[in-house]
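Only a predicted model underlies this, so the values are computations on that prediction, with no experimental measurement involved. All values below were derived from every heavy atom in this structure, side-chain atoms included, with hydrogens, water molecules and symmetry-related copies excluded. Numbering of ligands and ligand atoms starts at 1, following listing order.
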Amino acid sequence: GAAGLRQEGQKEMIAIQLKIDGKEVKATEGMTILEAARGAGISIPTLCHHEDLAPFGGCRICVVEAAGGGWSMLIASCIYPVQEGLEITTRSEKVDRMRKILLELYLAHAPHAPDLVELAAQYGADPDRFHKDASFCIQCGLCVRYCAEVKKEHVVGFVDRGVNKEISFIPELAARHCNGCKACFPLCPTSYLQAAFVLTQALAFPADH
Ligand code: FES
C-alpha cells in the first residue's frame, strides 16, 4: 500500500559513495555495482543481465575487482550491492584474465555468437582453446527468466541433458503462447533459442513441417 511505497521511497534515498576506476561515484542503497557504474558512464560487459529481470549472476562476465579495508576480491557486479567506501576496478589483469577464460569456455559452446566474438577480440580470448562442444546454450537463463518474470509463463525452462544443462520449450505451452510473443528471441546471446524453438514448432505443430 501507500505506506510500503513511502518506505521504499525513503530507502532509495540513502546515498552511498564509492569509487569506480578512480572516479567518485554517487549511488543509492540497494543499487548494484553494475547499475552504479552504468549510471556514471562506465561500461562493464554483461551476458546474462537484463534490466527488467532480477539479478541472476550466472555468466560472471561482469566480474570486477572490489576492494575495501585491506581486502580485495573478484565479484559479479550485476548482483553485488554498492557499499560505502568500496573501491571498484572494472579492468585489471585479474579481471581481464577471468573474462578471457570465461569467453573461451562460452566460445566452445557458441563459437559464432556475435556478442562473444566481439568480446573475445577485446579480451584476447582464444576461440580454439577448448574442445568445441557446440551446444549453443551458454545457460545465461535470459529466456527462461524473461518468460517467468515478465510474461508470467513457464514455456521455456532449463532441462538437464546429461552433464549439460540447457533450455527447452514445452511444446504444448509453446503452441499456446509463443506465436504471439517471441519476446525472448532477441535476448538470446547465441542462436540456440531460435534453434530450440524451431524444434519445438516441429513437435508442437507437426502438420506445418
Ligand atoms: Fe553478471 Fe552475468 S552479467 S553474472
Side-chain angles (χ1 to χ4, degrees), residues 16 18-21 25 27-68 72-83 86-125 127 129-130 133 135-150 156-159 164-167 183-193 196:
I16 294 204
L18 70 161
K19 223 180 227 182
I20 306 181
D21 292 343
V25 172
T28 47
E29 194 177 56
M31 278 172 89
T32 62
I33 304 285
L34 177 69
E35 288 168 335
R38 288 192 172 167
I42 297 165
S43 76
I44 297 174
T46 60
L47 288 171
C48 72
H49 175 77
H50 189 289
E51 278 178 9
D52 297 341
L53 305 179
F56 182 59
C59 77
R60 316 309 281 191
I61 209 78
C62 67
V63 68
V64 296
E65 231 176 307
S72 130
M73 63 182 195
L74 292 176
I75 53 143
S77 61
C78 71
I79 46 173
Y80 204 88
V82 290
Q83 281 165 21
L86 212 58
E87 289 194 19
I88 301 294
T89 311
T90 67
R91 292 290 297 259
S92 70
E93 205 179 307
K94 269 194 214 162
V95 167
D96 284 18
R97 207 184 313 136
M98 176 69 86
R99 287 189 189 147
K100 175 175 176 291
I101 190 161
L102 287 167
L103 288 165
E104 287 167 344
L105 282 167
Y106 294 143
L107 280 164
H109 290 293
H112 306 297
D115 289 0
L116 296 180
V117 170
E118 196 187 311
L119 284 169
Q122 220 173 307
Y123 289 92
R129 170 140 179 220
F130 295 109
D133 178 15
S135 64
F136 301 102
C137 182
I138 60 167
Q139 301 169 21
C140 69
L142 281 171
C143 56
V144 175
R145 292 179 290 130
Y146 195 88
C147 193
E149 291 178 33
V150 177
V156 57
F158 279 116
V159 288
N164 284 323
K165 205 168 67 165
E166 56 189 45
I167 59 104
C184 62
F185 277 36
L187 305 182
C188 181
T190 78
S191 56
Y192 185 73
L193 185 70

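- Atom NZ of Lys100 sits in a crowded spot, with more than 12 heavy atoms from other residues, nucleotides or ligands closer than 6.0 Å.
- Annotation: Gln83, atom CD; neighbour count of heavy atoms from other residues, nucleotides and ligands within 6.0 Å is above 12.
- Applying side-chain contact (heavy atoms from CB on, under 4.5 Å) to Tyr80 and the options Ile75, Ile88, Thr32, Val63 leaves one that passes, Ile75.
- With sequence neighbours excluded, the residues forming a side-chain hydrogen bond (donor to acceptor under 3.5 Å, both in side chains) with Tyr123 are Arg99, listed by chain and number.
- Annotation for Glu149 and Ala54: closest pair OE1-N, 2.8 Å, computed over non-hydrogen atoms.
- The shortest non-hydrogen separation linking His49 to Cys78 is ND1-CB, 4.0 Å.
- Protein atoms that are N, O or S and lie under 2.8 Å from atom 2 (Fe) of ligand 1 are these: Cys48 SG, Cys59 SG.
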